[in-house]
Structure formats: C-alpha cells, structure tokens
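Each chain gets a letter, A, B and so on, in the order its sequence line appears, and its residues count up from 1.
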Amino acid sequence: MPRSNEVVQALLQEYADLLAISGGDPFRVRTYEKAARSIGGYHAEVSSLDQKGLEAIPSVGKSTAGKVEEALRTGTFAALEDLRAAVPSGVRQMMAISGLGPKKAMLLYRDLGISSVEELAAAIDAGRLKGLRGFGDRTEENILRGIALVQESGARVQINVAMELAEDVIGRLGGLKETRQIAYAGSLRRMAETIGDVDILVAATKPAPVMEAFASLPNVERVIARGETKTSIRTIQGLQVDLRVVTPDVWGAALQYFTGSKAHNIRTREIAVRKGLKLSEYGLFDAKSGELIVARTEEEVYERLGLPWIAPTLREDRGEIEAALRGELPTLVQEKDIKGDLHTHTNLTDGLAPLEEMIAAARGRGYAYYAVTDHAPNLYMQRMTDAKMLTQRKRVRQLCSCTARS
DNA sequence: GCCGTTTTCGGCCCGACTGTTTTCAGTCG
C-alpha cells in the first residue's frame with residue numbers, strides 16, 4: 001500500500017502534466033510540479049495533516065492544500081477531473097516519447113484527434129502527419145524511434161549495470177591526451193537505485209577529439225545528438241549515455257550542474273538569483289556585471305551560495321537544502337564503516353516480522369548502521385517514511401551501491 | 001500558484017540541441 005504522500009504526489013504531477021498539455025500558465029504548471037515533489041519527499045504523512053499543516057509544506061499554498069485535502073478525502077479533486085475529461089489519458093502518455101512534449105502532444109490531439117501512442121504510430125504509417133506544422137520527416141523518424149523505445153520494457157537499469165558501462169566509458173576517454181578530468185555525474189553519482197541514462201563529464205583542453213572518441217565507442221548503436229560541447233548516444237544495450245565537455249577551469253560548477261538532480265539545481269539557482277547571482281554549468285556569476293565569481297570546485301560554489309558542500313546522494317530537493325541551511329546535514333555512512341553483512345527477511349516477502357520490528361531490534365542492539373537486504377528492496381524503500389528514515393534511506397542506498405561495486 | 005536579504009506584487013533556473021517556423025519554439029536535462 002503506497003503512502004498517502006506518494007498517491008497525492010502522483011495526482012498533483014498528473015494535474016501539472018494536464019495543465020501543460022492544455023496550454024495552462026507555465027508558472028502554474030511548475031508550481032504544481034514543485035508541490036508534487038515537495039509532498040513526495042515530506043517527512044510527515046500528509047493524511048495526518050490538517051489544512052494548516054498542509055500549508056506548512058514548502059511550495060504548498062492555500063489552493064494546493066485545498067486540492068490535497070479533497071484528494072485525501074475522495075481520491076481525486078474536481079480540477080483534476082475537469083482536465084481528465086478534456087484531455088484523454090493517452091495524450092499524456094504520448095509525452096513519454098522522447099522529443100514529444102506537451103505542445104506537440106496537444107497539437108496531435110487537437111488537429112488530428114490522435115489520443116494514444118498506438119494511434120500516433122498508425123497515423124505516421126498512414127502519412128497523416130504530412131504538412132502538420134512542426135512535424136517534418138526527421139521528427140516523424142524520431143517519434144517512431146521514440147515509440148519503439150517506450151514499448152521496450154524496463155528502460156531503467158539497476159545501478160550496477162549503469163556503473164559498469166560508465167566505468168568502461170571513463171576508462172576509454174580518460175586516457176586521451178586532451179582529457180584533464182573525467183567523472184560520472186547525474187543519477188549515477190547520486191547513487192539512485194535505478195538509472196535512466198548515464199552522464200559523463202569531461203574537462204578537456206579541446207572538446208572535439210573527446211567527442212569524436214565518444215561517438216566512435218564500439219558499443220554505440222546510434223548518435224542521438226551531437227554538438228560542440230554535448231553528445232548523446234544510445235548503446236547497443238539500449239542505454240543512453242550523455243557526454244558533456246567543459247574547460248578545466250569550470251570543473252566544479254559543471255560537476256555540480258551535471259550531477260543534479262534537476263530539482264536540486266533549480267533550488268540552488270533560485271538561491272543564487274536571490275543573492276544577485278547567476279548559477280550555470282559555467283560558474284557562479286554576478287548577475288549584473290556578468291563577472292565570474294567561482295567555478296573551479298563544487299565546494300566553492302556551495303560556499304558562495306551560503307551552503308556547506310552537500311553530498312550527491314542527498315541532492316534531490318527533499319529537504320537537504322533546508323537541512324544544509326540549518327547546519328543539520330546527516331553524516332553519511334562510508335565504506336570503512338561497514339563491519340559486516342546481515343541478511344534478514346521481513347514479512348514483505350517470506351519473513352515473519354514487519355520492517356518496523358526489524359529496525360527496532362537493530363536499534364535495540366545498538367547497531368549504528370544497518371541495511372535490510374531483502375528480496376524486495378523497492379518495497380523496503382517505499383516503507384521508509386518518517387523523517388529520521390530519510391537519512392537511513394541514503395545510508396542504505398550507499399550500502400547497496402558499495403555492494404553493487406564489490 | 002507560490003513566495004519574500006527587491007515581502008502583498010512581480011518574478012519565477014539556465015543553457016544545449018534539434019528541426020523547421022527564415023529567426024526561434026519546443027524539448028531535454
């Protein structure tokens with residue numbers, strides 16, 4: 001049974017998507033996306049909160065709180081039902097196709113009545129998109145390729161699979177004479193449980209030879225995009241790898257940007273804006289004069305924003321910014337902290353005791369750190385609900401990544 | 001719709017790349 005926060009998060013995200021498709025104010029769309037994320041990561045169960053408690057959640061105001069309250073009571077809210085009636089669910093599903101955003105999805109529906117991925121494929125086959133503004137031959141090809149990708153099950157892979165690929169790419173590009181520094185970034189550096197694509201960052205004196213070497217790797221199935229500083233490929237295993245090349249003097253800013261998450265980046269950039277600064281992958285700048293302030297290390301960037309360095313595993317905009325501002329960032333487990341491995345089962349699978357009893361027992365025995373390596377790690381993660389468990393969740397994630405690499 | 005070191009209105013992250021719309025909108029991360 002998913003926790004109420006996740007149910008509400010999904011409803012608000014759906015509302016944001018449908019608002020975007022139906023041409024709603026982009027800032028309102030973003031507001032609901034932010035509120036959805038904020039609720040998903042909030043430490044307290046939203047079903048236990050009253051209106052005032054809901055409005056205390058960051059990015060949740062009176063209007064959103066009202067919708068959340070209605071959703072908790074009835075399972076949905078009226079404004080969402082209105083949009084569901086206006087936009088078929090298949091139109092939203094079409095946005096899962098790479099290259100199709102809300103504008104193009106809505107255009108296909110409004111002008112051609114296409115309301116599902118299957119109908120879209122059939123329409124392209126029948127040549128119905130010919131002459132439609134914004135849809136040329138190349139776009140049609142890309143959509144068909146995107147549909148094939150969507151229909152392949154399990155686009156995301158476990159972290160150990162992505163890590164192996166990343167280390168292979170790093171091994172091949174790291175030896176080039178132009179390469180000064182190289183690292184994996186993105187969700188891989190944040191140690192997410194599953195990885196959608198692999199992000200590689202290179203600091204190089206000249207980007208072109210690095211790009212060329214990357215696009216020529218033996219396991220490249222297709223070059224998706226290729227520019228002066230950024231190239232994306234898809235491997236024959238079906239995983240996308242993005243390469244970004246920067247100059248060595250902006251390594252820290254680029255690594256901070258390329259590590260994400262997107263939500264964390266938006267928060268740090270907002271902090272920069274409020275301080276009269278501008279943050280991008282090229283550095284932290286004075287907004288007015290455009291003068292570069294810092295870019296060389298991540299530590300400098302965070303420090304100039306008034307924050308301590310935040311570990312990548314925490315960068316999800318799930319309270320880490322606030323914790324950093326309060327000086328209350330958690331101490332994360334290191335490999336040297338691991339003394340052993342205890343395998344146990346909870347009643348999520350074939351054990352007898354519930355997760356909560358396992359945790360209480362571990363605490364009662366004085367274990368500072370512990371990982372439950374059940375056969376159902378995702379179910380376990382979903383049950384990590386209370387505020388203190390956020391820290392624990394990250395510890396488990398780090399432990400899992402250690403296991404994956406050993 | 002939310003929010004405040006520019007606080008009750010005005011702004012909301014930033015840049016790369018693609019395809020197509022001859023100058024830029026849409027999408028992505």
Of the options [options], whose atoms approach the side-chain atoms of [X] most closely?
{"X": "A/Asp242", "options": "B/dG29, B/dT27, B/dG1", "answer": "B/dG29"}
{"X": "A/Asp197", "options": "B/dT18, B/dC3, B/dG29", "answer": "B/dG29"}
{"X": "A/Lys104", "options": "B/dC12, B/dT27, B/dG29", "answer": "B/dT27"}
{"X": "A/Thr31", "options": "B/dT18, B/dC2, B/dT27", "answer": "B/dC2"}

Using a strict cut-off of less than 4.0 Å between a Lys/Arg side-chain nitrogen and an Asp/Glu carboxylate oxygen, indicate whether A/Lys62 and A/Glu55 qualify as a salt bridge. no
Expressed as a whole number of Å, how far does the [atom1] atom of [N] sit from that of [M]?
{"N": "B/dT8", "M": "B/dC3", "atom1": "C1'", "answer": "10 Å"}
{"N": "B/dT18", "M": "B/dT23", "atom1": "C1'", "answer": "15 Å"}
{"N": "B/dT6", "M": "B/dC12", "atom1": "P", "answer": "13 Å"}
{"N": "B/dT5", "M": "B/dC13", "atom1": "P", "answer": "16 Å"}
{"N": "B/dC2", "M": "B/dT20", "atom1": "C1'", "answer": "36 Å"}

Nearest whole angstrom, please: distance from the [atom2] of [N] to the [atom1] of [X].
{"X": "A/Glu270", "N": "B/dT5", "atom1": "CD", "atom2": "P", "value": "12 Å"}
{"X": "A/Leu107", "N": "B/dA25", "atom1": "CG", "atom2": "P", "value": "15 Å"}
{"X": "A/Leu243", "N": "B/dG29", "atom1": "CG", "atom2": "P", "value": "15 Å"}
{"X": "A/Phe27", "N": "B/dG1", "atom1": "CZ", "atom2": "C1'", "value": "11 Å"}
{"X": "A/Glu141", "N": "B/dT18", "atom1": "CD", "atom2": "P", "value": "14 Å"}
{"X": "A/Ile200", "N": "B/dG29", "atom1": "CD1", "atom2": "C1'", "value": "15 Å"}
{"X": "A/Lys103", "N": "B/dT20", "atom1": "NZ", "atom2": "P", "value": "18 Å"}
{"X": "A/Ile266", "N": "B/dC3", "atom1": "CD1", "atom2": "P", "value": "15 Å"}

Taking atom types as modelled and ignoring hydrogens, do the side chains of [X] and [Y] form a donor-acceptor contact shorter than 3.5 angstrom?
{"X": "A/Ser4", "Y": "A/Glu45", "result": "yes"}
{"X": "A/Asp17", "Y": "A/Gln13", "result": "yes"}
{"X": "A/Lys67", "Y": "A/Tyr32", "result": "yes"}
{"X": "A/Thr259", "Y": "A/Arg189", "result": "yes"}

Using the 3.5 Å cut-off, write out each protein N or O paired with an N or O of nucleotides 15-17 of chain B and the distance between them.
unit_1	atom_1	unit_2	atom_2	d
B/dG15	OP1	A/Lys278	NZ	2.8
B/dA16	OP1	A/Tyr282	OH	2.6
B/dC17	OP1	A/Glu228	N	3.2
B/dC17	OP1	A/Thr229	N	3.2
B/dC17	OP1	A/Lys230	N	2.9
B/dC17	OP1	A/Lys230	O	3.3

Check every strand shown and say whether [X] touches a base, only sugar-phosphate, or nothing at a heavy-atom separation below 4.0 Å.
{"X": "A/Val60", "answer": "sugar-phosphate"}
{"X": "A/Arg274", "answer": "sugar-phosphate"}
{"X": "A/Gly99", "answer": "sugar-phosphate"}
{"X": "A/Ser98", "answer": "sugar-phosphate"}
{"X": "A/Lys62", "answer": "sugar-phosphate"}
{"X": "A/Ile97", "answer": "sugar-phosphate"}
{"X": "A/Pro26", "answer": "nothing"}

May I ask you to evaluate whether A/Ser63 reaches the phosphate of B/dG1, defined as a side-chain N or O under 4.0 Å from OP1 or OP2? yes
Look at the side-chain N and O atoms of A/Thr139 and state whether any lies under 4.0 Å from the OP1 or OP2 oxygen of B/dT20. yes
Taking pairing as Watson-Crick or G-U wobble with both contacts under 3.5 Å, can you name the mate of B/dC12, or confirm there isn't one? B/dG1
Sole candidate of A/Lys104, A/Arg145, A/Lys130 that passes salt bridge (Lys or Arg N to Asp or Glu O under 4.0 Å) when paired with A/Glu140: A/Lys130
Heavy-atom nearest nucleotide on DNA chain B taken for A/Gly101 and for A/Ser59; more 5' hit belongs to A/Ser59
Taking for A/Leu132 and for A/Ala65 the nucleotide of DNA chain B with the nearest heavy atom, the one nearer the 5' end belongs to A/Ala65
Side-chain donor-acceptor pairs under 3.5 Å in residues 173-181 of chain A, sequence neighbours left out?
unit_1	atom_1	unit_2	atom_2	d
A/Thr179	OG1	A/Leu173	O	2.9
A/Arg180	NH1	A/Lys177	O	3.1

Tell me, do A/Gln240 and A/Ser232 make a side-chain contact under 4.5 Å, heavy atoms counted? yes
Should the ring pair A/Tyr302 and A/His264 be called parallel, tilted or perpendicular, given that the plane angle runs from 0 to 90° and is split at 30 and 60? tilted
